[in-house]
Participant: 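Handing you a structure now.
The chains referred to below are lettered A, B, ... by the order of the sequence lines, with proteins before strands, and numbering in each begins at 1.
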Number of protein chains: 2
Amino acid sequence: MSNKDYKKCFNPNKNFRGHTKELARYAKALAHPARIKILNFLNNSKYCYTGDFVEVLPMAQSTVSQHLKELKEAGLIIANEQPPRVSYCINKDAWEKAKKLFMDFFDV
Amino acid sequence: MSNKDYKKCFNPNKNFRGHTKELARYAKALAHPARIKILNFLNNSKYCYTGDFVEVLPMAQSTVSQHLKELKEAGLIIANEQPPRVSYCINKDAWEKAKKLFMDFFDV
DNA sequence: TTTTTTTATCGTATATTTGCGATATGTAAA
DNA sequence: TTTACATATCGCAAATATACGATAAAAAAA
């Protein structure tokens with residue numbers, strides 16, 4: 001090791017810390033252009049229906065639905081049933097949490 | 001669509017814009033705790049050898065080498081041959097580019 | 001020259017992701 | 001009730017990611 005202070009940034013028991021896993025998890029949620037676009041979209045629109053995304057994304061409805069599910073499971077968006085449609089919006093708490101993790105990571 | 005100005009954030013030809021793909025690509029590079037740790041590590045140490053990472057990451061040397069390769073291919077780190085060892089450091093240009101993309105994404 | 005050290009790559013197994021069409025579900029409209 | 005609509009889920013195929021042990025490569029040390 002080129003310097004000897006690695007214990008302050010690595011867990012000595014060789015497991016990953018919570019915030020490291022959390023950041024990786026959010027990064028994974030952002031790791032596809034369609035999901036980036038969905039989040040951009042929601043940040044400009046307050047809320048959107050599934051069909052809105054299907055209109056503009058270059059993939060089938062079922063695939064869009066799957067990407068929405070992943071973002072939901074990552075906690076970044078919230079679904080609202082408005083039968084027969086479903087609207088989505090940003091989960092602001094999770095969004096701020098993710099923002100903070102990325103800010104810290106990039107030392108902003 | 002809940003508002004009608006989506007053309008300013010979506011490419012009408014239904015393909016993803018360069019910066020969307022670029023951000024997704026960087027996010028993918030960060031989408032594993034080991035790679036997060038490697039980058040944290042390099043940001044605290046100027047440079048490190050492969051073996052330094054192997055010491056502290058909970059995985060085999062070959063796996064660590066694979067993660068380093070991915071970060072290198074994403075452009076975020078640079079390898080320096082110092083036989084028989086190889087040292088790595090942050091690619092500052094790419095790092096700043098990634099930082100900017102994430103900042104813009106999070107509207108910072 | 002032989003051995004050791006350090007790292008990358010190969011081969012392989014398993015898991016996850018991505019994508020699609022088809023289908024199911026649940027509601028509203030006819 | 002039947003039909004139409006919006007969305008989620010299923011089943012499947014292909015691609016990619018993750019991880020490991022074994023091996024290769026290349027230089028330094030003995």
Participant: What is the distance, rounded to the nearest whole Å, between atom CG of A:D52 and atom C1' of D:dC5?
Facilitator: 15 Å
Participant: Could you tell me the separation between the CZ atom of A:F53 and the C1' atom of D:dA8, rounded to a whole number of Å?
Facilitator: 15 Å
Participant: Rounded off to whole Å, could you give me the CD-to-C1' distance for the B:Q82 and C:dT5 pair?
Facilitator: 15 Å
Participant: Looking at C:dA8, I'd like to know if its phosphate oxygens (OP1 or OP2) sit under 4.0 Å from a side-chain N or O belonging to B:T50.
Facilitator: yes
Participant: For DNA chain C, whose closest nucleotide is more 5', that of A:S62 or that of B:S62?
Facilitator: B:S62
Participant: Could you tell me how far apart B:M59 (CE) and C:dT14 (C1') are, to the nearest whole angstrom?
Facilitator: 16 Å
Participant: Any idea which of C:dG19, C:dT7, D:dT18 is nearest the B:R35 side chain?
Facilitator: D:dT18
Participant: Walk along nucleotides 23-30 of chain D from 5' to 3' and tag each nucleotide B, S or - by protein heavy-atom contact under 4.0 Å, base first, then sugar-phosphate.
Facilitator: ----S---
Participant: For the NZ atom of A:K72 and the CG atom of A:N91, what is their distance to the nearest 0.5 Å?
Facilitator: 12.5 Å
Participant: Does anything in residues 18-29 of chain A reach DNA chain C, meaning a heavy atom under 4.0 Å, and if so which residues?
Facilitator: A:K28
Participant: Rounding to an integer number of Å, can you tell me how far B:N80 CG sits from C:dA8 P?
Facilitator: 12 Å
Participant: I need the NE2-C1' distance between A:H32 and D:dT16, as an integer number of Å.
Facilitator: 12 Å
Participant: Under 4.0 Å from OP1 or OP2 of D:dA8: is there any side-chain N or O of A:Y49 that close?
Facilitator: no
Participant: Quick one: OG1 on B:T20 to CG on A:L39, what's the gap to the nearest 0.5 Å?
Facilitator: 11.0 Å
Participant: For DNA chain C, determine which residues of residues 63-73 of chain A have any heavy atom closer than 4.0 angstrom to one of its atoms, and list them numerically.
Facilitator: A:T63, A:Q66, A:H67, A:E70
Participant: Could you tell me if the side chain of B:V108 sits less than 4.5 Å from the side chain of A:K99, heavy atoms only?
Facilitator: yes
Participant: Can you tell me how far apart CD1 (A:I77) and CZ (A:R35) are? Round to the nearest 0.5 Å.
Facilitator: 10.5 Å
Participant: From the options D:dA19, C:dG21, D:dG21, select the nucleotide whose nearest atom is closest to the side chain of B:A60.
Facilitator: D:dG21
Participant: Taking side chain as C-beta onward, heavy atoms only, is B:S65 less than 4.5 Å from B:Q61?
Facilitator: yes
Participant: Give a yes or no on whether a salt bridge exists between A:E22 and A:R17, defined as a side-chain N under 4.0 angstrom from a carboxylate O.
Facilitator: no
Participant: Run the ring-centre check on A:W95 versus B:F105 and record whether the distance is less than 6.0 Å.
Facilitator: yes
Participant: Specify the separation, in whole Å, of atom CG of A:L57 and atom C1' of C:dG19.
Facilitator: 13 Å
Participant: Is it true that A:I36 and A:V54 fall in one hydrophobic cluster, defined by side-chain heavy atoms closer than 4.5 Å?
Facilitator: yes
Participant: Hey, is A:K28 close enough to A:E70 for a salt bridge, meaning N to O under 4.0 Å?
Facilitator: no
Participant: For the pair B:D52 (side chain) and B:Y49 (backbone), establish whether a donor and an acceptor sit closer than 3.5 Å, ignoring hydrogens and angles.
Facilitator: yes
Participant: Looking at CG of A:L57 and OG1 of A:T63, how far apart are the two atoms once the value is rounded to the nearest 0.5 Å?
Facilitator: 10.0 Å
Participant: Looking at B:Y88 versus B:Y47, is the centre-to-centre ring distance below 6.0 Å?
Facilitator: no
Participant: Rounded to whole Å, please give me the gap between CG in A:L30 and C1' in C:dT18.
Facilitator: 17 Å
